[in-house]
Structure formats: structure tokens, C-alpha cells
Number of protein chains: 2
Amino acid sequence: MPRSSEDARYRMQIAALELFTKNGFEQTTAAQIAARAGVTERTFFRHFPDKREVLFAGQEVLSAALTEAIVQAPADLPPRAVLRRAFADVTPLLEGNRRFSEPRQHIIAANPALMEREVAKHAALAGVVADALQKRGIAPARAAFAAKAGLVVLGHALGLWFEKASQPLETCIAEAFKELDLFVSPAGDS
Amino acid sequence: MPRSSEDARYRMQIAALELFTKNGFEQTTAAQIAARAGVTERTFFRHFPDKREVLFAGQEVLSAALTEAIVQAPADLPPRAVLRRAFADVTPLLEGNRRFSEPRQHIIAANPALMEREVAKHAALAGVVADALQKRGIAPARAAFAAKAGLVVLGHALGLWFEKASQPLETCIAEAFKELDLFVSPAGDS
DNA sequence: GTCTATATGTCAGTCACTGACATAACGCAG
DNA sequence: CTGCGTTATGTCAGTGACTGACATATAGAC
């Protein structure tokens, strides 16, 4: 009965968010989520490869947007500048999702297994960004390094952004890049 | 029968390495590892909180060594220099473990769940390093950033080291730091 | 030689996840 | 509007990771 696959999927995500918030991740069983969404446990696992993944759907739009922004950047820019621009390009996307990502972040931070999945997703995103940089002609090893370094910066920016509520993300990104500069060339260093 | 807890633990690690290499991680059950080590499945899970963890024992010595090296570094050094020195300090430790870490890395690279645990361990190590930097008086946010950036560099160095077999690790670390400098200040940038 | 702490064995149980097969709804061709 | 293939779902049985409770055996202290 393909009544609406996306509908059920969405209901499961909402149900999971609610149950995780109320009872915690480990205390919530996949069957409970499915029941609340009006489907079977088996259906849950057909939509999400595992129980954690229900919290991490929608990452593809970010990686796609980042790839697009990287590939479309002016040809002569070095990796750092490409990433700086690309991050700025995706801020609307991230800012638009803040209402969802904030409670999500609470749930994730409260559970080691979810933290593990989160850093794994970051690593995967670094892989995607590295691929995009390679399409610009950057050598693989250099692209991989730039991607990982860039994602550390973006991660730091998001951390600042979650703390200081009212600041625009763009400001936090600028600050994070300054932090990187400071790390590499500390004030008063030889 | 506390005949020798460490003995059994070691036998399980060896058994796991052998079985994972031969049959793969997913195809190997915890009961099989335990049986080969001459213990029960229950005993396996008393020594390792989960099946993956049997591959990640011994990380504490690295984090302890890094912490020690960071705390002991001269007082006036900026974070980057502290980490640069600390990484150099722990090269003997890493080089001494290469015989074990190489087959391990093969197993890990072949399985997504193990990759996930690996990046989680990296993140945990970053946390430890950040704590050590804080003990030097670095502000928390700055310490956290420096730790993550530094670990990206170390990770890149280890990557180079695993590829180019005969190169000393110290050389790879130097090269990785150069890669960082180049990322921040590309040649021919304004 | 008892006594205690600790490492292990045993067993039953929960839950994440999977494969195989049946079924119902939807879109489309006729 | 009727038959048909595609697709999302339900059902069911099974495996394996992991846990709690309880019994037991051993090494070492005294």
C-alpha cells in the first residue's frame, strides 16, 4: 500500500524526536517509535538502516549544497577561500533548520552512541567536501586535508552559534576562521 | 578464578584480530572470539563493553602520553607549538606499535561500524588534548579548537606514514604541519 | 586453613536488525 | 472499469549483541 512513503517516514522522525526527548534514546525501542507513527517495526527498519539514523536524515541536502557551492566557486581560488565562500553560501540552509537541529542536538549530546554517529557523519561530510575539492583539480591528499581542516572550522562555528543564540551564523564562521589563523600564527610568535 | 585477568584479555584481543582478519568483523561473533580465547561470551563482554572495543584497547596510553607531553611543555609556548612538540614526543610510542596498528587499520578500514568507532576515538582524544591545553591556561573554546585542528594534522601525518612505508613518522608530522600552513596561507594569496 | 575479593561460568531475557513470504493499494494500459 | 505490475507495508521466525542475577572457583591476606 504505497499510500505515501514520505508521510510515514516523516511521522516516524517526529515520533522518534518526541520519544527520545521524553524517555531518552536507549529507553525508547524501535517498536515504540513505529507504533506511535502507526506502522510496524519492520517498516521502521525499511526506512532507516538503524535506530540512530532516524535522527540523521536530511544530511544529504547539506552535502549536496556544499558540493554545489564548492564546484561553482571561481576557478582560481585556493582551497581555504573556496571553503570560506562555500560555508557562507550554505548559512541560509543551516539557519533555516535551526528550529529542528537544536532539540536534536540536545538528544545527541546526551547519548554516546549518537555522538559517535554524529562525528561519523562529520567525517563523511569531510569526504564529500574532499571529493568536491578534487573536482577543482586539487590533489587528493591536499583536498582531504583541506576538507578536514575546513570542517573543524565549520564545526567550531556551529558550536559558537549554538551557544550565543542571537548571533548570525556568518559572524561565527568569520570568528572560527580567525581562530584558525591564530592557531597557525599565534600573536607574538617567531 | 582470577587466574590472570590480563591474560584472558590479551588472548581475546589476539583471537579477535585473527578471526576478523580471516572472516571479517561482521561474520565473526563474540561467542567465537570468546571460545577461541578459552572463555565464555559473558566474559568477553565483561572485558570489553562491546564487540568493537576489543580492537580499540590501549588508546589510554596514547592519550596519557599526549597529556603528559602537553602539560610538561615549556610554559610560554602557544598551542600550536605545544602540540607540535607533543606529537614529536609520542612518535616513539606510535612507531613502536606499528606492527599491531597496521593489520588493525586494515580491519577497521573494511567496516563502516569500525570506522565510526575510530573517528569517535579521535574525537575523544581531541577532548583529552583540549583538557590538557586548558591546564596550561588556554581558554576552553580556544583549547578545543586547537585540539581538533591539531588532531587533524596528526591524523594526516599518520595517513602519510601508513602509505609511504619507510618514512619516519616525524617527517610525516612535519609535512602535515606544512600542509596546514599552506591551507591557511596559500602561496600567492593576498 | 579460613576468609574475602575478584574473575569467571551459567542462564534467561531484551532488543536491534534481517530474510522470506504474503498482501494491499496505487498507477497505468487496455 | 478492469486487469496488472510496481511498491510500501504487514507478518513471522530467526540471529546475534548485550545485560542482570546468581552460583562458583581461585588467588592472596591473615
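Below, each value reflects all heavy atoms present in this structure, side chains not excepted, and no hydrogens, waters or symmetry copies. First the proteins, then the strands, lettered A, B, ... as listed; each starts at 1.
- By the 4.0 Å N-to-carboxylate-O rule, B/R52 lies too far from B/E116 to be salt-bridged with it.
- A donor-acceptor pair under 3.5 Å links the side-chain atoms of B/W161 to the main chain of B/Q167, judged by distance alone.
- The shortest distance between the side-chain N/O atoms of A/T43 and the OP1/OP2 oxygens of D/dG10 is below 4.0 Å.
- Neither OP1 nor OP2 of D/dA8 sits under 4.0 Å from any side-chain N or O of A/H47.
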Under 4.0 Å protein heavy-atom contacts per nucleotide of nucleotides 12-19 of chain C, with B for base, S for backbone only and - for none
----SBBB

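- Rounded to an integer number of Å, the gap from B/L55 CG to D/dA17 P is 14 Å.
- In this structure, A/R46 atom CZ and C/dA22 atom C1' are separated by 11 Å, rounded to whole Å.
- Annotation: cation-pi geometry not satisfied between A/R9 and A/F44 (NZ/CZ under 6.0 angstrom from ring centroid, within 45° of ring axis).
- If you measure from atom CG of B/N23 to atom P of D/dG16, you get 13 Å, rounded to the nearest angstrom.
- Side-chain contact of B/Q32 with B/E41: a donor-acceptor pair under 3.5 Å is absent, judged by distance alone.
- For the OP1/OP2 pair of C/dG9 and a distance below 4.0 Å, the side-chain nitrogens and oxygens of B/T40 include at least one atom meeting the criterion.
- A 4.5 Å side-chain heavy-atom check between A/E170 and A/F87 finds every atom pair outside the cut-off.
- For the pair B/R85/B/P74, a side-chain contact is recorded, criterion being any heavy-atom separation below 4.5 Å from C-beta on.
- Computed from coordinates, the B/Q32 CD to D/dG16 P distance equals 8 Å when rounded to whole Å.
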